[in-house]
Amino acid sequence: MAQRYVMAVDQGTTSTRCILFDQRGRLVSVAQREHQQFFPKPGWVEHDAMEIWRNLERIVPQALRQAGIDVGQVVALGIANQRETSVLWDRHTGIPIGRAVVWQDTRTDTLVDALAGAVGADQVRERSGLPLATYFSAPRIRWLLDSLPGTRDRAERGDILFGTMESWLIWNLTGGTDGGVHVTDVTNASRTLLMNLGSLGWDDELLSFFGIPRRMLPEIRSSTEIYGTARRIVPNVPIAAALGDQHAALFGQTCFAPGEAKCTYGTGSFLLMNTGTTPARSTHGLLTTVGFQIGDAPAVYALEGSIAITGALVQWLRDGLEMIATAPEIETLARSVEDNGGCYIVPAFSGLFAPHWHSDARGIIAGLTSYITKGHLARAVLEATAWQTREVVDAMNADSGLELRTLKVDGGMTANNLLMQFIADVLNVPVVRPMFAETVSLGAAYAAGLAVGYWPDMERLRRNWHRAAQWLPDMDPAKRAREYAHWRRAVELTFGWTRPFDDDPEDALSR
């Protein structure tokens with residue numbers, strides 16, 4: 001009998017990848033294609049949803065050819081996707097209504113400010129678990145409905161559909177205008193500001209508050225179930241899983257028990273902690289979200305801390321200051337000194353995300369003296385990622401009533417051993433990296449494989465997880481406390497940087 005495989009599609013912010021996995025969770029083949037980024041105005045970021053669909057049409061056959069298999073050996077397909085990116089399209093033609101508005105886009109800032117002062121704004125976080133912010137989908141949908149003539153009337157008639165990227169791809173895969181299935185999963189729905197975190201359904205009060213017609217929204221389903229059978233690209237293959245990318249990474253890292261957490265270290269970083277089957281409401285600046293839901297089982301919730309700038313700070317040292325030629329060189333440069341020399345860098349380039357949420361903050365280098373060299377700056381750059389992780393973990397421990405005992409890590413920055421050791425030191429818990437770093441696509445594959453019985457249960461998935469590296473804490477507690485206090489003082493200096501002075505700035509300074 002021919003060997004069978006699971007296919008994962010990782011639809012990311014800059015590219016789309018197709019990866020085939022075998023039963024031991026090993027990568028068999030991968031095909032990838034980038035798509036164009038559009039920046040039509042300051043703060044606007046857009047994608048062409050049709051280009052992304054066409055890219056999928058190209059890379060899936062490529063991945064099959066590389067593996068030397070035919071589509072009949074694929075038992076299921078799972079999708080992980082960039083979250084919050086919003087697409088509207090015509091149900092009858094299958095053509096998008098303009099470009100997709102990307103999660104990084106901030107064009108809705110004025111709308112969000114106006115909504116924040118409207119009646120019912122206090123219910124948004126209570127019902128959705130999320131703050132009212134440009135980051136999420138609902139303000140984008142409202143902006144598109146208001147800005148594109150005739151769109152609202154057509155949406156109310158059910159002629160215009162909304163979806164995040166997994167909805168768009170599933171609709172197209174399952175037939176598009178000829179019977180395409182219009183669904184989303186609970187993890188993606190939980191990022192729209194429109195889903196009730198308790199009922200896991202679209203919330204009438206939130207729909208009314210944002211002015212969004214229910215008829216344009218997809219049906220909310222679990223993360224692991226058969227949504228439909230593909231009629232295009234991979235005919236007859238069950239579409240059996242969908243998760244937002246960070247939720248897929250949580251699943252791929254097998255964080256199946258309350259208190260287990262993962263952090264994906266990339267341009268920015270995302271730390272998610274499994275909090276069990278009851279939502280943990282945050283009072284410390286974190287997001288309450290759905291971690292995953294397996295079929296008819298109760299949803300598993302998570303707390304999420306989003307850090308805006310981590311790997312991007314290394315890129316800035318490389319490209320902006322030209323202190324290093326390649327990103328890996330930062331470790332060698334940082335190891336040329338014993339410590340940071342009293343220097344701290346807070347990378348609030350475009351504000352601070354969790355747990356502070358200060359959009360008016362800007363970056364700062366504190367503690368500069370003539371003693372500081374580029375080695376100290378390199379070390380402070382790495383330490384900034386660790387201290388930001390510590391702030392999020394402290395908030396998670398406080399909100400969840402749980403205590404982090406181990407942090408599972410993935411992403412490009414985990415290749416930096418000095419950084420990983422420093423994270424273990426400042427968290428005072430072991431940091432572990434798995435053998436297979438592509439946890440987003442692996443999570444989508446695991447979820448799809450579970451749905452069709454390719455893997456029998458979650459315990460089997462745990463057995464697939466193997467540790468590649470571990471860093472154990474080795475820092476004097478008094479030093480840890482002292483350094484953290486310095487870091488927090490530096491963070492406070494970034495607050496309010498873009499806020500206008502109430503009166504003459506000279507008078508403000510003299511006071």
Side-chain donor-acceptor contact under 3.5 Å, Thr85 with Gln82: yes

Angle class for the Phe251/Phe292 ring planes (parallel below 30°, perpendicular above 60°, tilted otherwise)? perpendicular

Treating Lys408 as the side-chain partner and Val432 as the backbone partner, does any N or O pair qualify as donor plus acceptor under 3.5 Å? no

With a 4.5 Å limit on heavy-atom distance, are the side chains of Leu197 and Glu126 in contact? no

Closest approach of Val440 and Ala80, non-hydrogen atoms and distance? CG1-CB, 3.6 Å

If you measure from CZ on Phe270 to OH on Tyr265, what distance do you get to the nearest 0.5 Å? 12.5 Å

Pairwise side-chain contact, Glu205 with Arg127, heavy-atom cut-off 4.5 Å (strictly under): yes

Could you point out which residue of Arg91, Arg231, Arg232 forms a salt bridge (charged side-chain N to carboxylate O under 4.0 Å, His left out) with Asp178? Arg231

Is any side-chain heavy atom of Pro131 closer than 4.5 Å to a side-chain heavy atom of Leu287? yes

Okay, side chain of Glu391, backbone of Pro355: is any donor-acceptor separation there less than 3.5 Å? no

With side chains defined as the heavy atoms from C-beta onward, is the minimum distance between Asn188 and Met195 less than 4.5 Å? no

Quick one: do Glu51 and Arg33 make a salt bridge, cutoff under 4.0 Å? no

Hey, mind stepping through Glu225 and Ser222 against side-chain hydrogen bond (donor to acceptor under 3.5 Å, both in side chains) and telling me if it holds? CA-CA 6 Å; Glu225 61 175 277; Ser222 76; 2.9 Å; yes

For the residue pair Trp168 and Trp171, does the interplanar ring angle fall in the parallel (under 30°), tilted (30 to 60°) or perpendicular (over 60°) class? parallel

CG/Leu193 to CZ/Phe210 distance, rounded to the nearest 0.5 angstrom? 4.5 Å

Tyr446/Trp455 aromatic ring centres below 6.0 Å: yes

Mind listing the closest non-hydrogen atom pair of Asp185 and Glu166 along with its distance? N-OE2, 4.0 Å

Can Thr439 and Asp410 be counted as having a side-chain donor-acceptor contact under 3.5 angstrom? yes

Just by distance, with hydrogens left out, do His35 and Asn55 show a side-chain donor and acceptor under 3.5 Å apart? no

Return yes if a side-chain donor-acceptor contact under 3.5 Å exists between Asp245 and Asn81, otherwise no. no

Does the side chain of Thr151 come within less than 4.5 Å of Leu144's, by heavy atoms? no

So, applying side-chain contact (heavy atoms from CB on, under 4.5 Å) with Val409, which one of Leu271, Thr264, Val431 is it? Val431

Could you verify whether a donor N or O on one side chain and an acceptor N or O on the other, from Asp109 and Thr134, lie under 3.5 Å apart? no

Ring centres of Phe436 and Trp465 under 6.0 Å apart? no

Looking only at heavy atoms, what is the nearest atom pair of Leu111 and Trp143, with distance? CD2-N, 4.1 Å

Kindly state each residue pair satisfying salt bridge (charged side-chain N to carboxylate O under 4.0 Å, His left out) with at least one member in residues 250-274, sequence neighbours excluded. Glu260-Arg462

Assess the residue pair Ser137 and Glu84 against the criterion (side-chain hydrogen bond (donor to acceptor under 3.5 Å, both in side chains)); give the C-alpha distance rounded to whole Å, side-chain angles, the decisive distance to 0.1 Å, and a yes or no. CA-CA 5 Å; Ser137 305; Glu84 297 101 17; over 6 Å; no

Among Asn172, Leu169, Ile79, find the one that has a side-chain contact (heavy atoms from CB on, under 4.5 Å) with Leu56. Leu169

Atom pair CZ (Phe39) and CG (Asp105), whose distance is rounded to the nearest 0.5 Å: 10.0 Å

Correct closest heavy-atom pair for Val290 and Ala299 would be CG1-CB, 4.2 Å

Quick one: CG on Asn464 to CZ on Phe21, what's the gap to the nearest 0.5 Å? 11.0 Å

Going by atom types alone, do Gln293 and Ser223 pair a side-chain donor with an acceptor below 3.5 Å? no

Looking at Leu77 and Val237, what are the two nearest heavy atoms and their distance? N-CG1, 3.9 Å

Under 4.0 Å between a Lys/Arg side-chain N and an Asp/Glu carboxylate O for Asp146 and Arg142? yes

Do you know the tightest heavy-atom contact between Ala116 and Ala121? O-CB, 3.5 Å

Do Asp48 and Arg99 pass the salt bridge (charged side-chain N to carboxylate O under 4.0 Å, His left out) test, and can you show the C-alpha distance, the side-chain angles, and the key distance before you say yes or no? CA-CA 5 Å; Asp48 179 347; Arg99 294 196 191 113; 5.9 Å; no

Note: Arg154-Glu156 ion pair, threshold 4.0 Å (strictly below): no

salt_bridge(Arg24, Asp22) N-O dist < 4.0 Å: no

Could I get the full list of salt bridge (Lys or Arg N to Asp or Glu O under 4.0 Å) partners for Glu304, not counting sequence neighbours? Arg83, Arg191

Crowded around Asp70 CG? As in, over 12 foreign heavy atoms under 6.0 Å? yes

Can you find a pair of side-chain heavy atoms, one from Thr229 and one from Leu173, that are under 4.5 Å apart? no

Side chains of His182 and Glu219: do they bring a donor and an acceptor to under 3.5 Å? no

